[in-house]
Amino acid sequence: MSESQLWDDVDEYFSAHLSPDDDTLRAALRDSDAAGLPSISVTAPQGKLLRLLAEIQGARNILEIGTLGGYSTIWMARALPADGRLISLEYSAKNAEVAIRNIARAGLDKVVEVRIGPALESLPKLADENPAPFDLVFIDADKANNAHYIEWALRLTSTGSLIVLDNVVRGGRVIDAETDAPDVRGTRTAIELIGSHPRLSGTAVQTVGSKGYDGFALARVLA
């Protein structure tokens with residue numbers, strides 16, 4: 001058995017026992033695939049982790065940067081109370097159209113709002129609304145702008161909030177200090193920002209699974 005096949009099989013085992021999907025989640029992935037969206041959604045165990053983090057935070061307000069087809073959005077929104085709010089920012093109108101349908105089918109359109117456009121344009125507009133601090137921020141968008149997203153997340157959160165940055169290992173390329181690849185440079189800048197910022201306490205976790213070798217960073221907002 002190959003290493004990647006072993007990772008797939010372990011993911012399937014964990015999914016079956018700890019994070020089983022349902023018709024709604026399966027439909028979200030199926031419709032995303034049918035619409036030609038890239039197959040880069042979080043896995044079921046990762047989705048369950050996001051839901052658990054939201055529940056641990058007692059989250060009432062969640063910000064997601066990068067919606068894709070709404071799969072991760074559904075996982076997190078299911079942790080919200082009836083009067084909770086999740087705002088998801090998506091660059092692509094095509095992706096957002098798929099996500100909005102998936103979210104509505106999940107019965108979550110009352111608590112989820114998808115905003116379309118470049119996140120670095122949507123975030124200042126969101127800040128101008130002076131929203132309640134977000135308890136959880138999940139960043140899974142274009143990696144070149146990761147550090148900018150961390151900075152905006154700090155502006156839109158408060159003490160005790162949690163920031164999750166996805167895909168930080170880049171198949172191990174994150175250690176390449178000489179690369180010109182925008183995704184790696186953006187990720188390295190974000191990791192170094194988390195490590196040096198006086199209002200953040202963070203760590204990173206390497207993962208393997210059906211999406212290959214990658215990982216995520218967690219940062220808690222301090223006073």
Side-chain angles (χ1 to χ4, degrees), residues 4 7-35 37-81 84-90 92 95-96 98-114 134-141 143 146 149 153 161-169 203-219:
S4 61
W7 297 346
D8 287 346
D9 291 348
V10 172
D11 247 3
E12 289 179 9
Y13 171 76
F14 286 151
S15 296
H17 291 279
L18 301 175
S19 52
D21 59 10
D22 52 36
D23 289 344
T24 299
L25 289 166
R26 284 191 293 271
L29 292 177
R30 183 186 65 241
D31 287 4
S32 295
D33 288 343
L37 274 59
S39 183
I40 54 174
S41 297
V42 300
T43 63
Q46 292 165 347
K48 181 64 176 292
L49 174 61
L50 290 171
R51 177 172 180 167
L52 286 173
L53 290 173
E55 291 171 343
I56 290 166
Q57 285 293 104
R60 302 183 68 84
N61 296 289
I62 298 174
L63 174 63
E64 179 180 46
I65 303 176
T67 316
L68 195 61
Y71 183 75
S72 57
T73 318
I74 293 169
W75 275 107
M76 290 186 290
R78 285 177 168 178
L80 288 170
R85 184 187 193 197
L86 189 156
I87 295 177
S88 190
L89 309 180
E90 173 54 44
S92 166
N95 293 357
V98 175
I100 289 168
R101 288 200 304 268
N102 286 334
I103 291 161
R105 180 171 48 217
L108 295 166
D109 47 319
K110 297 287 194 299
V111 296
V112 175
E113 177 187 358
V114 178
F134 290 98
D135 307 297
L136 174 65
V137 179
F138 178 49
I139 302 170
D140 189 11
K143 311 310 174 185
N146 273 340
Y149 297 144
S161 296
L162 183 65
I163 301 169
V164 181
L165 178 64
D166 203 11
N167 306 128
V168 299
V169 174
T203 190
V205 178
Q206 300 185 71
T207 62
V208 296
S210 59
K211 299 295 183 181
Y213 172 40
D214 212 326
F216 58 91
L218 296 165

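Using a cutoff of 4.0 Å between basic side-chain nitrogens and carboxylate oxygens, Lys211 and Asp166 are not scored as salt-bridged. Note on Asp33 versus Arg30: no salt bridge recorded, every NZ/NE/NH1/NH2 to OD/OE distance being 4.0 Å or above.
The minimum heavy-atom distance between Pro45 and Asp11, with the atom names listed, is CG-OD1, 3.9 Å. Heavy-atom minimum distance, Asp8 versus Ser210: OD1-CA, 3.0 Å. Between Ala96 and Val114, the shortest heavy-atom distance links the atoms CB-CG1, 3.9 Å. The minimum heavy-atom distance linking Tyr213 with Trp7 is given by the pair N-CZ3, 4.1 Å. Nearest heavy-atom pair, Leu136 versus Ala54, reported as atom, atom and distance to 0.1 Å: CD2-CB, 3.8 Å. Nearest heavy-atom pair across Arg26 and Asp23 is NH2-OD1, 2.5 Å.
Leu86 is not listed as a side-chain neighbour of Val111, based on a closest heavy-atom distance of 4.5 Å or more. Between Thr67 and Asn95, the closest side-chain pair of non-hydrogen atoms is not below 4.5 Å. When side chains are defined from C-beta on, Asp109 does not count as touching Ile100, because their heavy atoms never get closer than 4.5 Å. Residues Leu49 and Trp75 form no side-chain contact, since every pair of their non-hydrogen atoms from C-beta on lies 4.5 Å or further apart. Residues Asn102 and Ser32 meet the side-chain proximity criterion, which asks for heavy atoms closer than 4.5 Å. Between Thr207 and Phe216, the closest side-chain pair of non-hydrogen atoms falls below 4.5 Å. Using a 4.5 Å cut-off on side-chain heavy atoms (C-beta onward), Val164 and Asp140 make no contact. Side-chain contact between Leu218 and Leu53: present, with at least one pair of heavy atoms (C-beta onward) separated by less than 4.5 Å.
A donor-acceptor contact shorter than 3.5 Å links the side chain of Glu90 to the backbone of Leu68. Put simply, the side chain of Asn61 never gets that close to the backbone of Asp135: no donor and acceptor are under 3.5 Å apart.
Summarising the geometry, atom CD1 belonging to Ile163 is positioned 13.0 Å from atom CZ belonging to Phe138; distances are rounded to the nearest 0.5 Å. Considering CZ of Arg85 and CG of Leu80, their distance stands at 11.5 Å, rounded to 0.5 Å. Here Ile65 contributes atom CD1 and Ser88 contributes atom OG; the two are 9.0 Å apart, rounded to the nearest 0.5 Å. Distance CD/Glu113 to CG/Leu108: 14.5 Å, rounded to 0.5 Å. In this structure, the separation between CG on Leu162 and CD1 on Ile62 is 10.5 Å, given to the nearest 0.5 Å. For the atom pair CG (Leu25) and CZ (Arg78), the distance works out to 4.5 Å, reported to the nearest 0.5 Å.
Residues that satisfy the side-chain contact (heavy atoms from CB on, under 4.5 Å) test with Leu52, not counting sequence neighbours, are Lys48, Glu55. Scanning for side-chain contact (heavy atoms from CB on, under 4.5 Å) contacts around Leu29 gives Ser41, Tyr71, with sequence neighbours left out. Listed by chain and number, the residues in a side-chain contact (heavy atoms from CB on, under 4.5 Å) with Glu12 are Asp9 (sequence neighbours excluded).
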